[in-house]
Each structure stands twice: as structure tokens, then as C-alpha cells.
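So that the names make sense, note that chain A is the first sequence line, chain B the second, and so on, each numbered from 1. Only a predicted model underlies this, so the values are computations on that prediction, with no experimental measurement involved.
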Number of protein chains: 2
Amino acid sequence: MTKTKLRLPDRKVKVTLRDVALRADVSESTVSRIMRNEGLVAEATREKVMESVRALGYVPNRIAGSLASLETHLLGVVVPSLSNIVFPEVLQGINAGLRGSRYQAVISVSDYEMDHEETLVRGILAWQPKAILITGFDHTLATRRMLDQSGVRVVEMMEIDSAPIDIAVGMSHRRAGYAAGRHLVERGYRRFGYVGHDWTSDRRARQRYDGLSEALSEAGLSIVAHAIADGSSAIGAGKRQTALLRSMAEVDVAVYSNDDMAVGGIFHCMEAGIAVPDQLAIFGFNGLEIGRDLPRPLSTIRSNRFLIGQKSIEAILQAPERPATKTTIDTGFEIFAGATA
Amino acid sequence: MTKTKLRLPDRKVKVTLRDVALRADVSESTVSRIMRNEGLVAEATREKVMESVRALGYVPNRIAGSLASLETHLLGVVVPSLSNIVFPEVLQGINAGLRGSRYQAVISVSDYEMDHEETLVRGILAWQPKAILITGFDHTLATRRMLDQSGVRVVEMMEIDSAPIDIAVGMSHRRAGYAAGRHLVERGYRRFGYVGHDWTSDRRARQRYDGLSEALSEAGLSIVAHAIADGSSAIGAGKRQTALLRSMAEVDVAVYSNDDMAVGGIFHCMEAGIAVPDQLAIFGFNGLEIGRDLPRPLSTIRSNRFLIGQKSIEAILQAPERPATKTTIDTGFEIFAGATA
DNA sequence: CTGTTAGCGCCTTCAT
DNA sequence: ATGAAGGCGCTAACAG
């Protein structure tokens, strides 16, 4: 009795299935069945076992369970950022969709770095997730290969302008930009300015820009001034770039890469005493809450980030195995006229 | 040769350690060591093995690895919401702190429902995380017991006014409310209004309110009008409740439960032509970016959510095993005078 | 520097 | 309705 594996006094006593089974005087399989609500069990047995479970404070070990069943209920999620509110909104949709299901989300943030994204995807795949939700179509070759070969369901969220690995859920940013252009031309604007942020990390902003350019070009117009912030796409940058834009050329409307920057534009105009939309019209993208609550509602394009997350989950829950055909789900967008353009 | 486990044509071939070992003609342990960068290995062997790894597209199975080593590198995180920007900010801090470490975060959202939180915690604990980061001190009894008995590190984030299970990282909301009160009294305000949201789900807002009341009471003052929104604590609610507040009593300063609502107050004043701060002073809480970029910077108390996340991770990485003593880490707060009060 | 031997805690047949 | 046996893919000593 000198070297027996004694149960230590109180802490770190890891209670296993076996302990529960011994205490309840049944076999491990019985306990296992009861914990999983699977198969038939006599009510008396169930109660006896559950009593032990409670008494011992047993928490099933899913690591062991997953290894044995070769199945996890994990979902990998990769977003580029959390500082841009649109991604938390997508996560909310994911969360809502997951509510009540047996799945758990493992969330990672790539900081818009593709190499880091690759590392994250590798790390997630190592947990044998049932599916992986990732942002956009821009990935390293290795990431794309891993995702494809993993055989699990892959959702590429936010955009639908390219062919997905498996499923794409989002909207056409090119068409959104185009729609914005048409809308503004119809409203009589002629001298366009563009305020944006770094395109290398945000290809979707670029696509919107391209769509906008196309619409203008069809109307015989073009963008006469550009003010591009280096990194940030936030309100402060919007203020600064708006000031810059106005120093570059006479414009009657400024189109922003997103609502945050557009709100910055509005704040700049307030400070500088510029009448919106008479002296300068302002048009954003996203349809954030703040834009709606502004004294003068921001003209913008509304996308539905929550829906993107929710639809992504729905798609996966409906068909947990990857089929042969690719799917694209368009969550659409909508022009919100507002009062700033 | 009739019933051999043949490798299927292309998809779903799960490559295991064993496959790599066979192909490289070494033992499984050698491959294992190489994959984990552990122990000494001859360079030639390493190359041979890595070649196989690449050729087969081997991805280690962490489920099996964790079961064998009885260690995971998972961190459970539970936040009440993602729609309130402060929580994504905490997650950013967590994310930053995790960068470069071997840990992965499993994030769950409780929607401010304590019973759901309990379910989430149970689910997370089943994955045998190394630590769990949860929001605040309000939990069900069962949650508290599970966390305590799990023996893993537990960080309760955001507030420090109570005794933690293990570690608390955050600030004193009561002291912040008190500081706000003192500050405003010193600046000469006498008729206080309060605009807030549902306290039952946000005890920290309540604590700030209590601190504020205390400071006022010490100065022989009290809050003369309250406007409390049912659910939302967002900009729109702030607008509506500000209008309501002004219909209730004459106040010269309105203290808001957070910056979002305070921004709503400012927008209301803009629309209604109320001069801020001369006719109505406005004071928020959080120190959000938008408050700083407003034409007239919002007077508020700055907390540091990013730091809370970051410090939480630091604490865990420094001491992954739970010690006997409890720790409290104060991330502080700071009055930002601004221009609206 | 590399291989061998036992599990990790649970689930899945297959019996009973 | 319940039990027994084997194994999931990997790591951890311990040998060599």
C-alpha cells in the first residue's frame, strides 16, 4: 500500500466516468449512456447514477469523448478584427444561430494578417472542428489547401463575388458600390470625392470602390479627389481625411469606405460649419446604429452582418457534411437614403 | 488483401502520426517529438519526417494529444454581450495577450442570462481549459461552485469591488461613480439628473450610481430626476431618455450610465437646440472613441477595457496554476474633463 | 538520439 | 436494460 495512486485530499481530484460507475455500482457504459441521453436506461438506474454524478461533481471530459467518438462539436471562427464593430455583429449572429445547438465556437482574430490567419486555421483544424467559418476569400495558398483538404464545412463570410471553397455567405460589395454610385448620380451629384482607408487589408472596400467607379464612369463622371488614410478606418481618420479631401478639390459629395469614417466626415463638417448635404453630401457604408441616430441620419448602404453570421450557422447545421457542390448565400444590401446625401 | 483498410481515393483520409512514422520509417515517438519541438533529434531524421508530414498533409490531432498529456492550451472566455463595444475591446486585449502563446480562446456569450452562463461554463469546463475568464462577480451558485472546484485559474473581469474566486481584474465602479460626483460638484453643478438602463442585468452601472449618490449626498445634494430605459443602453435610448429627463425636472447636469447613452443625450441636445454644457451638461462613462471625436469632446470617465483583457491573460500566463491566495488587479480609471460638463 | 510500452477517459461495437 | 472488450491518436516514461 505504499505506492498506490491515492486520491489526494481535496483539490484536483479529477472525477472520471469510472468513479461515477463505481460509486453507483454500474458499468461505465451505463453511465456513459446516461450522460449522453442515449439508449434505454431504467429510471431507477438513472437516478442512482445521477445521484453519484452530483455527489462527485462529475464533469464529462469532452476531450476523451471526442477522441473516442471521433467527433467534436466545435466550430472554428476566424475574423480579421474585433475593433471594427461589424465583426462582433457577425459573431452575434453566429452566437444566436448556435443557441440551443450542441456546438461551441472557437474564435480567433487574425488582425488582417494572412500569415497569422494560416497559423490560426492550422491551430483550429488540430481540434477537428465540424466546420470553420472564416472571413472573406483572401487567404494564403496553404490556408486554402488546408481548408479544402480538411473535408469539413467551410464558410467564407462577408462577400460573394468569388467562388467559395464550400459556402459563401454575404453580399456583393461590387454591386453595392455600383448601387451607391447610381443612387448618387440620380440625386444629381457630379463632383465626387472618395474617403477611404488602406485597401491592401480590406479588399471588400476596394470592390465597393470599383463598383462606384464603374457607375460613375457609365454616367461620364469620375472621382475627382481621393483621401486615403493609412491604417485606421475610424471616426478620427474620417475627420482628418475629410478636411484633406476638401483641400484637394471642390467636391459636392464624399463617398466613404464605411460609416465610421463617414461619421467622422459629419463631425468635421459640424466643427467647420459646413452644411450637410448642401455644401457637402456624405455617403457611408454599413448602416451602423450610430448613423441612424445622428441628428441628421447618415445616407448609407445597409448590410446585415448579424444575418451573415446567422445564415452561416444555419447552413452548417442543415448539412454538417460537405457536399460536392458549392453554395452561395446572398444576404443582400439596401440603400438607406438618409439625410446627408 | 480483401478487407484491408485501404486508403480511400482522396477525401477524408485522416492522416495520423502513425502514417507519418511509417512513411518516414521511424517510430511514432520520434515523429511526436519532432512535432512538438521537444527533445533532441538528428537533423537528418527531422528532415525525413518533415518531408513526410508535408507530403501527407499531416495535421496533429490535439484532441488525442491533450488526452494523452492531460493538458490543453484552451482558455475559456465568457462575456455577457458583444453588442456593447466594451466587451469586444476586452476580447481584443485577451487576443493581444495571447499572441505568441500556445493558447487558444473559446469564447461564449451569455446574453446577460446567468442560467445560460452556467450552461456555458459547464460546456467549457468539459474541455478541460487551463483557465477561464468570466465577466463580473454575478454568477449562479452552481457556476461559482464549478469554477471553484475545477481548480483551474479563474479570472473575474471588469470589477474589483468584491472578493474574487481566484483573480479579479478591473476597476472599482463604485469609486468611479463617486469620483464623477465629486468632479461635477466641484465644477459647480447642483441639480443632477441620471439617465440609465436596466440595473438588474448590469450591476456595475448600479455601483457607479451608488458611488455618485454617495458623493452628492456628502455635498448635501441628491439626484432630482431619473430616466431609466428598459433594456437598451444604446444611443437611441439615450436620446429618448434625455428628452424624458428634461420633462421631469429642471436639471443642470445629466449623468449617464455609459457613453453610448451620453452620446444619445448630445444628439438630442443638438436636435432640440439645447446648448451643451451651458443649458445642460452631459457626463458619460467608459471613454469610448466616439466621445473623443465628437465636435465637443464628451466629459466622461475612462476605463481601460483592452488593458483588462491583457492583464487577465498576463496573470494567467505568469502563473498557470491556481495559488492559495486570491489576487486583485486594479486597472484604474481616469476622469476625462472633456467639454460637455 | 531513438524505440517500446502503457495508458489518457471515453465511446462503440457486440454480448448477455 | 446492462456489461465487457477494444480502440480513438497521441504522449510519457523508460530503455536502449
Next item on the list: Whole angstrom is fine here: how far is it from CD in E71(A) over to P in dT12(C)?
Entry: 8 Å

Item checked: Which nucleotide in dG3(C), dG9(C), dT11(D) has an atom nearest any side-chain atom of K14(A) -> dG9(C)

Note to self: Between P on dG3(D) and CD on E28(A), what's the gap in Å once rounded to a whole number?
What the structure shows: 11 Å

Margin query: I need the CG-C1' distance between D25(A) and dG3(D), as an integer number of Å.
Written below: 12 Å

Next item on the list: Kindly say if R36(B) contacts the phosphate of dA12(D), meaning a side-chain N or O under 4.0 Å from OP1 or OP2.
Entry: yes

Notebook entry, point to check: Contact class for S66(A) (heavy atom, under 4.0 Å): base, sugar-phosphate, or nothing?
Noted result: nothing

Check: Over how many whole Å does the gap from L67(A) atom CG to dC8(D) atom P extend?
Finding: 9 Å

Next item on the list: Select base, sugar-phosphate, or nothing to describe what R62(B) touches, counting heavy atoms under 4.0 Å on all strands.
Entry: nothing

Next item on the list: Would you mind reading off the distance between I63(A) atom CD1 and dC8(D) atom C1', rounded to a whole angstrom?
Entry: 13 Å

Margin query: Using the ring pair (Phe, Tyr, Trp, His ring centres under 6.0 Å) criterion, which residues pair with Y58(B)? Sequence neighbours excluded.
Written below: none

Next item on the list: Respond yes when some side-chain nitrogen or oxygen of Y58(B) is under 4.0 Å from OP1 or OP2 of dG9(D), and no when none is.
Entry: no

Notebook entry, point to check: Reckon S29(B) has a side-chain N or O less than 4.0 Å from the OP1 or OP2 of dT2(C)?
Noted result: no

Note to self: Under 4.0 Å between a side-chain nitrogen and a carboxylate oxygen: does that hold for D161(A) and R203(A)?
What the structure shows: no

Margin query: If you only use heavy atoms from C-beta on, which nucleotide in dT2(D), dT11(D), dG9(D) is closest to the side chain of A64(B)?
Written below: dG9(D)

Check: For T72(A) and Q128(A), which heavy atoms make the closest approach, and how far apart are they?
Finding: OG1-O, 2.6 Å

Check: For L17(A), which contact category applies under a 4.0 Å heavy-atom criterion: base, sugar-phosphate, or nothing?
Finding: sugar-phosphate

Item checked: Upstream residue (5' side of DNA chain C) when E43(B) and V59(A) are each assigned their closest nucleotide -> E43(B)

Item checked: Atom CZ of R99(A) with >12 non-hydrogen neighbours under 6.0 angstrom -> yes

Margin query: If I take atom NZ in residue K48(A) and atom P in nucleotide dA1(D), what distance separates them, rounded to the nearest angstrom?
Written below: 15 Å

Item checked: Nucleotide of dT12(C), dT2(D), dA13(D) approaching R33(B) most closely (side-chain heavy atoms) -> dA13(D)

Item checked: Separation of atom CG in L40(B) from atom P in dC1(C), rounded to whole Å -> 5 Å

Notebook entry, point to check: Rounded to the nearest Å, what distance is computed from the CD atom of residue E38(B) to the P atom of nucleotide dT11(D)?
Noted result: 10 Å

Item checked: Sugar-phosphate only, base, or nothing, as touched by L70(B) at under 4.0 Å among non-hydrogen atoms -> sugar-phosphate

Check: Is there a side-chain polar atom (N or O) of S69(B) under 4.0 Å from OP1 or OP2 of dT11(D)?
Finding: no

Checklist line | Nucleotide of dC1(C), dC10(D), dG3(D) approaching S27(A) most closely (side-chain heavy atoms) | finding: dG3(D)

Next item on the list: Can you tell me which residue pairs pass the side-chain hydrogen bond (donor to acceptor under 3.5 Å, both in side chains) test with a partner in residues 39-56 of chain A, sequence neighbours excluded?
Entry: R23(A)-E51(A)

Next item on the list: Could you tell me whether a side-chain N or O of T140(B) sits under 3.5 Å from a main-chain N or O of D115(B), the two making a donor and an acceptor?
Entry: no

Next item on the list: Specify the residue among T30(A) and T16(B) whose closest nucleotide of DNA chain D lies further upstream toward the 5′ end.
Entry: T30(A)

